[in-house]
Amino acid sequence: MREANFLKALRGKACHPHPAWFMRQAGRYLPEYRAVREKAGSFLDLCFSSELAAEVTLQPIRRYDLDAAILFADILLMPMVLGQDLAFEKGEGPRLSPALGDSTFDPAAARNMDIVAPVYETVKRVRSELAEDKALIGFAGAPWTVATYMIAGRGVKDTAALRRFAYEQPERFAALIAALEDVTIDYLCGQVEAGADALQLFESWASGLPADFVRQWCLAPAARIASAVKKRHPEVPVIAFPKGAGSLYLDFAKEPVFDGLSLGTEVDPHWAKENLSAKTLQGGLDPLLVAAGGEEMRSAARRLKDTFAGTPYIFNLGHGFVPDTPPENVAELVSIIRE
Ligand SMILES: Cc1c2[nH]c(c1CCC(=O)O)Cc1[nH]c(c(CCC(=O)O)c1C)Cc1[nH]c(c(CCC(=O)O)c1C)Cc1[nH]c(c(C)c1CCC(=O)O)C2
């Protein structure tokens with residue numbers, strides 16, 4: 001069995017060239033994704049159709065020969081498991097109802113894990129079609145990030161109202177985070193049992209928070225989830241992505257249960273290399289450089305490669321591709337990574 005370079009890097013081995021995958025590698029910038037998405041109907045229909053979700057998971061691997069596929073699903077499936085209705089309205093982003101912030105909705109009352117059974121089927125299908133030297137990444141949202149959507153009932157521009165909810169209703173907030181931890185542990189174990197080779201926890205909203213809040217409500221829940229999953233599956237590597245955590249990345253780097261740390265666009269790669277090298281590092285390239293393309297993209301990608309040369313770095317972005325990214329820019333980026 002040939003182990004994927006992506007997994008070797010997560011176990012601490014420097015690879016040349018750096019293994020690469022991209023956040024939102026399956027998505028609207030790809031014409032073949034848009035075609036399948038149209039056939040599926042809604043975005044959620046696509047997430048719950050194992051056959052079509054497996055197809056879009058594999059599309060970027062076929063087109064760019066990347067080192068890892070990421071399961072096609074969404075972090076907002078966990079609120080559905082906890083009993084909220086989810087809808088994506090065109091151009092408006094996600095809507096979750098009832099929103100916790102303005103209802104008495106109890107997230108511990110009506111749990112239904114059966115909703116995500118099709119996702120495990122997607123994992124099985126993808127793993128059976130993927131070459132053995134390619135890895136399949138499973139994922140979930142970290143509890144705080146998922147909670148932000150559950151409390152507001154939609155995406156927000158900042159977390160002011162959500163922190164206020166946490167401070168004004170601490171018991172409800174703690175119960176929400178605990179309920180999310182519970183279902184996320186089950187969900188990630190289900191993905192591993194179906195064939196996921198590694199896991200990533202997306203904490204997209206670690207920015208703008210007090211340090212103690214990050215330690216208590218971002219780091220600790222993510223670490224408890226990773227430990228519980230590793231208790232059942234000791235071999236599975238886990239990457240944390242505390243986007244916008246700033247100097248608190250240092251705390252994540254000290255947490256033994258994480259194997260990798262994904263860097264947001266704002267993290268200085270040199271600082272990361274000096275200070276976070278206890279972990280395999282991943283990411284950091286501004287996705288807008290790939291939307292723009294040209295010399296700015298080429299030179300930034302080469303600098304990132306050079307900074308992490310000789311370390312177990314995994315090439316990726318600091319956040320997901322934007323929908324109007326030209327696919328040919330992605331092809332050029334991949335050829336630079338492989339130079
Ligand atoms: C916050 C968050 C979400 N979802 C996710 C996050 C964490 C990462 C981040 O910060 O971006 C994670 C996610 N969402 C999706 C994936 C699949 C794998 C991949 O990255 O290719 C992953 C890993 C598909 C998706 N999830 C979504 C799309 C676009 C859906 C479409 O086809 O219209 C995709 C491909 C929808 C989504 N999903 C979410 C929002 C706010 C939206 C709407 C915004 C938008 O339209 O871009 C929640």
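For ligands, and for the atoms within them, numbers begin at 1 and follow the listed sequence.
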Distance to 0.1 Å, residue and atom name: give those for the protein heavy atom nearest to [atom].
atom                    : value
atom 7 (C) of ligand 1  : Ser204 OG, 3.3 Å
atom 37 (C) of ligand 1 : Phe88 CE2, 3.4 Å
atom 13 (C) of ligand 1 : Arg24 NH2, 3.9 Å
atom 15 (C) of ligand 1 : Ala73 O, 3.3 Å
atom 47 (O) of ligand 1 : Arg28 NH2, 2.6 Å
atom 48 (C) of ligand 1 : Asp74 OD2, 3.5 Å
atom 22 (C) of ligand 1 : Phe139 CZ, 3.6 Å
atom 34 (C) of ligand 1 : Phe43 CE1, 3.6 Å

Is the distance between the ring centroids of Trp271 and Tyr249 under 6.0 Å? no
How about Phe213 and Trp144: are their ring centres within less than 6.0 Å of each other? yes
Hey, is the main chain of Phe139 close enough, under 3.5 Å, to the side chain of Gln191 for a donor-acceptor pair? yes
Check [Y] with [X], please: is the shortest side-chain N to carboxylate O separation under 4.0 Å?
X      : Y      : value
Glu32  : Arg62  : no
Glu339 : Arg298 : no
Asp197 : Arg127 : yes
Asp259 : Lys230 : yes
Arg303 : Asp306 : no

I want to know if ligand 1 touches [X] in the polar sense, i.e. an N/O pair below 3.5 angstrom.
X      : answer
Tyr149 : no
Arg37  : yes
Ala26  : yes

Arg164 CZ: over 12 foreign heavy atoms closer than 6.0 Å: no
Atom 44 (C) of ligand 1 touched by protein (heavy atom, under 4.0 Å): no
Examine ligand 1 and decide if any of its atoms is less than 4.0 Å from a heavy atom belonging to [X].
X      : result
Pro94  : yes
His319 : yes
Phe22  : no

Can you tell me which portion of Leu71 lies within the under-4.0 Å heavy-atom range of ligand 1? Options are side chain, backbone, both, or neither. backbone
Grouping I, L, V, M, F, W and Y whenever their side-chain heavy atoms are under 4.5 Å apart, do Val36 and Leu44 come out in a common cluster? yes
For ligand 1, which atoms sit closer than 4.0 Å to a heavy atom of Gln25? 21 (O)
Which of the atoms of ligand 1 are close to Ile70, meaning less than 4.0 Å from one of its heavy atoms? 18 (C), 19 (C), 20 (O), 21 (O), 23 (C)
For the student: nearest non-hydrogen atoms of Ser262 and Gln282, plus distance: OG-NE2, 2.8 Å
